[in-house]
Number of protein chains: 2
Amino acid sequence: VRSAVAIEKETPENERPETFLRQSDGGLVSSSSSSGPGSSVRARFEKMIRDAQDSVCEAIEAADGGGTFKEDVWSRPGGGGGISRVLQDGAVWEKAGVNVSVVYGVMPPEAYRAAKGEGNSGAKAGPVPFFAAGISSVLHPKNPFAPTLHFNYRYFETDAPKDVPGAPRQWWFGGGTDLTPAYIFEEDVKHFHSVQKSACDKFDPSFYPRFKKWCDDYFYIKHRNERRGLGGIFFDDLNDYDQEMLLGFATECANSVVPAYIPIIERRKDTPFTEKHKAWQQLRRGRYVEFNLVYDRGTTFGLKTGGRMESILVSLPLTARWEYDHRPKEGSEEWKLLDACINPKEWL
Amino acid sequence: VRSAVAIEKETPENERPETFLRQSDGGLVSSSSSSGPGSSVRARFEKMIRDAQDSVCEAIEAADGGGTFKEDVWSRPGGGGGISRVLQDGAVWEKAGVNVSVVYGVMPPEAYRAAKGEGNSGAKAGPVPFFAAGISSVLHPKNPFAPTLHFNYRYFETDAPKDVPGAPRQWWFGGGTDLTPAYIFEEDVKHFHSVQKSACDKFDPSFYPRFKKWCDDYFYIKHRNERRGLGGIFFDDLNDYDQEMLLGFATECANSVVPAYIPIIERRKDTPFTEKHKAWQQLRRGRYVEFNLVYDRGTTFGLKTGGRMESILVSLPLTARWEYDHRPKEGSEEWKLLDACINPKEWL
């Protein structure tokens, strides 16, 4: 699905609009109309991610107790836009970004057919318009014992191709939440994974084991044969369940971010540390940069298609470090983290 | 040419061999035989890059006055290998890597045909063995007024395909030397470029203007619309000149590294600086990481084909920094550097 798609340049806005949807998608509809176009999945997903952005930012500011988010609002001429919020150099977090975006684009017909699971044999079709909306966040704390968190939930929908009668609209959900500590505290990792499992289990008992493995497979730094962190859940191209059910699942996952993460931060944000702990955190931040710039689909796709660069790269840590051929001493706390990144564990 | 090529895992060696060439390529030949296989271009290129590694490392250690290079030697079962030398946390350089490597590999026939400038219409051919040798170096100083230097010179040769009678052996040279300061000192940049131009002019007056532009085009960070630094020279796939002439040119370029760079380091290594200067250097180091991990062919190709990861990533700085939406004040020294990265200048 991620073939050549180019999107327009964004323009800054002074105010948050009520919605980034095109009017034809339910934009600018009064809130009193309960069954109007505002009840489309597009509109409900946008509302969900914007509510999630508000509640996560509120929780982060409260836990930080010092920093505040700076907001940038932007739109694109043909519809869509986004809100980037960044808290930099706070008391607890050195860099925390929470972004939402709504994108209208056009994909090549081959990508539409690939998404439908068809080959190139179909009738000759033109480019297919698509809609994508998502929330994406990376939170890098200062304290080396406090873990980095990443989460991202997104919804994708094509129009029904107009020139191929009967060809259906395609849609899918993707996302996940994962934890990247520099040091392992078993109670933290167990807590984090148990919140993910609870969210999954409300919808399907197969979700947690399947999405936990998907996460371990996805956040893999191939050239190092290690994962970026200790995982969580990840899923993509999910459309083989009821659409309402998956919208509910994505909402539950987004609502689980604060209870999964903030209690860990409260426990670790003031733990005393040394230069040695900080240097190891910085080396692991280097791995984070390697994964995001070399492998992460959202980052590489976003940079290549002309997405808003500053919003995409807010995922990078404030600082990172690379030492030649660094190897932690076997049995050390640093080695234990590395071992768990090389050999993913079942935490529950 | 850079299609699916996988190379074997390297094994560490305790000693530097006299040559990494296969015996059939002139390896293990006594130095008394003057016209033996040791006079092949493969053998002479290996000797040139190993001599250059020695002389550059010697000059770096002398200028550093504190740090020493740590050496790793490695080989591959089917022939080839390399020597990685890294000076870390010296008095002047925070990280300096100078690597040579010799690789024997096998490329798909399509890649061979593409290199020859042919389509897929040729006779059905099998995989084509190739030979590649190169020196690659990145030198990151500590002082924010002392620039980073990169250089890389490489020689590539295929065997004549055995199953297509008459199909020729292919060969080409590639490489370049470029300067990446965080602050502009015109006399430094002029000195650097003038040494590059002198090396070029000894061979062809068209080389400097052509390879200067090629360098500006190559080290381009597309998602930021800026170059990584202030350029130098860069060329690739060069085979439309006499082979002896190009071997001489690559040798001249490698020999120009020390006179182009060390005088600049001597001038800047002890310049007093503030936290603000250091932070800007760190932001520019972040750009260096972005270019190398997202765009640099050597890095992305090396990581994907299973090259020696630690040797490849020694190009990354010891530390780097990313701030959200950082914009230097117009007219400031930081802005001047950024402007020269956005709008490449003629320095001579």
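Model, not experiment: these values are computed from the prediction. Order of the sequence lines fixes the chain letters, A, B, ..., with proteins taken first and strands second; residue numbering starts at 1 for each chain.
When side chains are defined from C-beta on, B/V289 counts as touching A/L293, because their heavy atoms get closer than 4.5 Å.
Side chain of B/K70 to main chain of A/Y324: no donor-acceptor pair is present (N/O by atom type, distance under 3.5 Å, no hydrogens or angles).
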**Request:** Begin with the C-alpha distance, continue with both residues' side-chain angles, and end with the deciding distance and a verdict on side-chain contact (heavy atoms from CB on, under 4.5 Å) for B/T319 and A/T319.
**Result:** CA-CA 7 Å; B/T319 54; A/T319 54; over 6 Å; no
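Atom CD of B/E71 has more than 12 heavy atoms from other residues, nucleotides or ligands within 6.0 Å.
Using a 4.5 Å cut-off between heavy atoms, B/Q88 touches chain A through its side chain atoms alone. If you measure heavy-atom distances from B/V86 to chain A, the contacts under 4.5 Å come from the side chain alone. Heavy-atom distances place the side chain of B/L313, and not its backbone, under 4.5 Å from chain A.
How far CZ of A/R321 is from CZ of B/R285: 12.5 Å, rounded to the nearest 0.5 Å.
The candidate with the highest count of non-hydrogen atom pairs below 4.5 Å against chain A, out of B/T299, B/I312, B/V314, B/L303, is B/L303. The greatest number of non-hydrogen atom pairs below 4.5 Å with chain A, out of B/E290, B/Q282, B/K222, is found for B/E290. Here B/L318 is the residue among B/L316, B/L318, B/V294 with the most heavy-atom pairs under 4.5 Å with chain A.
When all heavy atoms of B/M309 and A/H223 are compared, the closest pair comes out as CG-O, 3.5 Å. Across A/A320 and B/W322, no two heavy atoms sit closer than the pair CB-CZ3, 4.2 Å. Counting all heavy atoms, side chain and backbone alike, B/R224 lies closest to A/E310 at NH1-OE2, 3.8 Å.
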